[in-house]
Amino acid sequence: MEKEFDTFDDDEEFEDSEKELMDEPLEEAAPIVRDYSQRQILIWENDDVRREACLEVLTDLLVGATIKAVATESEALDQLEKEDWDTFVVDFYTEGVSESEFIKRVNNYPGSILVAISMGPLTLPDERDPSKTELLRRLFDMEKPVVPIHG
């Protein structure tokens, strides 16, 4: 089976054909619409600068999500009692976080997602880089748990 190719008798015919192609609108890839409006995300980070950076990056990235950031473990534990959260964000590089009471409770929190990220290098300009944005966003694109949290 032979493949047919366009052949042109002269440069003018080629230019006319090229012009027609250039006039056609380019098909743009439609952005993927993500709905985070039902997500309840709690961030625990002791460092003020890192906490604010993480909150800013995630708020920008996960449009519509309810996101709260707290500074202390006691605030985080208090939030576990007050609100229903489906996702928890912590930095395991922070001393004491991995063996904290908060992490123990989160691990037993029905249907929750624990996202451990290093908040040190987190900056909004970097996270607007599509390659980095997609990697970070994938951590939050798991299906929201359907298990009732408080009975």
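All residue numbers refer to positions in the sequence shown, counting from 1. Being a predicted model, the structure only gives us computed values, none of them experimental.
When the side chain to side chain donor-acceptor pair (under 3.5 Å) test is applied to Thr59, no partner is found at least two apart in sequence or on another chain. Residues that satisfy the side chain to side chain donor-acceptor pair (under 3.5 Å) test with Glu75, not counting sequence neighbours, are Thr72. Applying the side-chain contact (heavy atoms from CB on, under 4.5 Å) criterion to Phe92, with sequence neighbours excluded, gives Val90, Val97, Ser98, Ile103, Leu114, Ala116. Applying the salt bridge (charged side-chain N to carboxylate O under 4.0 Å, His left out) criterion to Glu101, with sequence neighbours excluded, gives Arg105.
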Please list every donor-acceptor pair under 3.5 Å in which a side-chain atom of residues 42-49 meets a protein atom from a residue at least two apart or in another chain.
unit_1, atom_1, unit_2, atom_2, d
Trp44, NE1, Asn46, OD1, 3.1
Glu45, OE2, Asp47, N, 3.0
Asp47, OD2, Val49, N, 3.1
Asp47, OD2, Arg50, N, 2.8
Asp48, OD1, Arg51, NH1, 3.4
Asp48, OD1, Arg51, NH2, 2.5

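Within the structure, the salt bridge (charged side-chain N to carboxylate O under 4.0 Å, His left out) test picks out no pair touching residues 109-119 (sequence neighbours left out).
By the 4.5 Å heavy-atom criterion applied to side chains, Leu80 and Phe88 are counted as neighbours. Annotation: side chain of Phe140 is in contact with side chain of Ile41 (closest heavy-atom distance under 4.5 Å).
When the shell of 6.0 Å around CD of Glu95 is examined, it contains 12 or fewer heavy atoms from other residues, nucleotides or ligands.
To the nearest 0.5 Å, atom CG of residue Asp35 and atom CG of residue Leu62 are 11.5 Å apart. To the nearest 0.5 Å, atom CD of residue Gln40 and atom CD of residue Gln38 are 8.0 Å apart. Atoms CG and CD1, from Leu58 and Ile117 in turn, are 5.5 Å apart once rounded to the nearest 0.5 Å.
Side chain of Trp85 to backbone of Tyr109: no donor-acceptor contact under 3.5 angstrom is found.
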Determine, step by step, whether Val70 and Gln79 satisfy the side chain to side chain contact (heavy atoms under 4.5 Å, CB included) criterion, reporting the C-alpha distance in whole Å, the side-chain angles of both residues, the deciding distance to 0.1 Å, and the verdict.
CA-CA 9 Å; Val70 297; Gln79 285 300 312; 4.1 Å; yes
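For the residue pair Tyr36 and Val63, the shortest heavy atom distance occurs at CB-O, 3.5 Å.
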